[in-house]
Amino acid sequence: RFDRLRYVELKHGRISQLAFLGQITTRGGTHLPGSIDYAGHSFSSYPNGLAALFGPDSVPDRGTVQIFCFIGLLELFVMKDIEGT
């Protein structure tokens, strides 16, 4: 049980570090190039931080659902605890 808790702690720590770096990068003005959808909206047209999810210029609801579903798929199928590694 302790090894499992250690694994989960490390995984969540790494995810937190990536989230922090993503926040710092976008707050610094660096955004992905190109369009985020077929309508031609660019990544830089959306605000930073929580305003991207809950503000007046936020990502559409379907986009938010896609983000959370992708995170769930990663959690269930990609980021697995493999014994002996």
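Taking Ile, Leu, Val, Met, Phe, Trp and Tyr as members and joining any whose side-chain heavy atoms lie under 4.5 Å apart, directly or through other members, the hydrophobic cluster of Leu32 also contains Ile36, Phe43, Tyr46, Val59.
Of all heavy-atom pairs spanning Thr25 and Leu21, the tightest one is OG1-O, 2.7 Å. Shown here for Ser58 and Ala51, the closest heavy-atom pair between the two residues is CB-O, 3.7 Å.
For residues 8-36, the set of pairs meeting the salt bridge (Lys or Arg N to Asp or Glu O under 4.0 Å) definition, not counting sequence neighbours, comprises Lys11-Glu75.
Between atom OG1 of residue Thr64 and atom CG of residue Leu53 there is a gap of 5.0 Å, rounded to the nearest 0.5 Å. Note: Thr30 OG1 to Ile24 CD1 = 11.5 Å, rounded to the nearest 0.5 Å. A distance of 12.0 Å separates CG in Leu76 from CD1 in Ile71, rounded to the nearest 0.5 Å.
Among residues two or more places apart in sequence or in another chain, the side-chain contact (heavy atoms from CB on, under 4.5 Å) test is passed with Phe54 by Leu50.
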Could you go step by step and tell me if Arg4 and Tyr7 meet the side-chain contact (heavy atoms from CB on, under 4.5 Å) rule?
-> CA-CA 5 Å; Arg4 169 83 176 131; Tyr7 168 77; 3.5 Å; yes
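Phe70 and Val78 end up in the same hydrophobic cluster when Ile, Leu, Val, Met, Phe, Trp and Tyr side chains are linked at under 4.5 Å.
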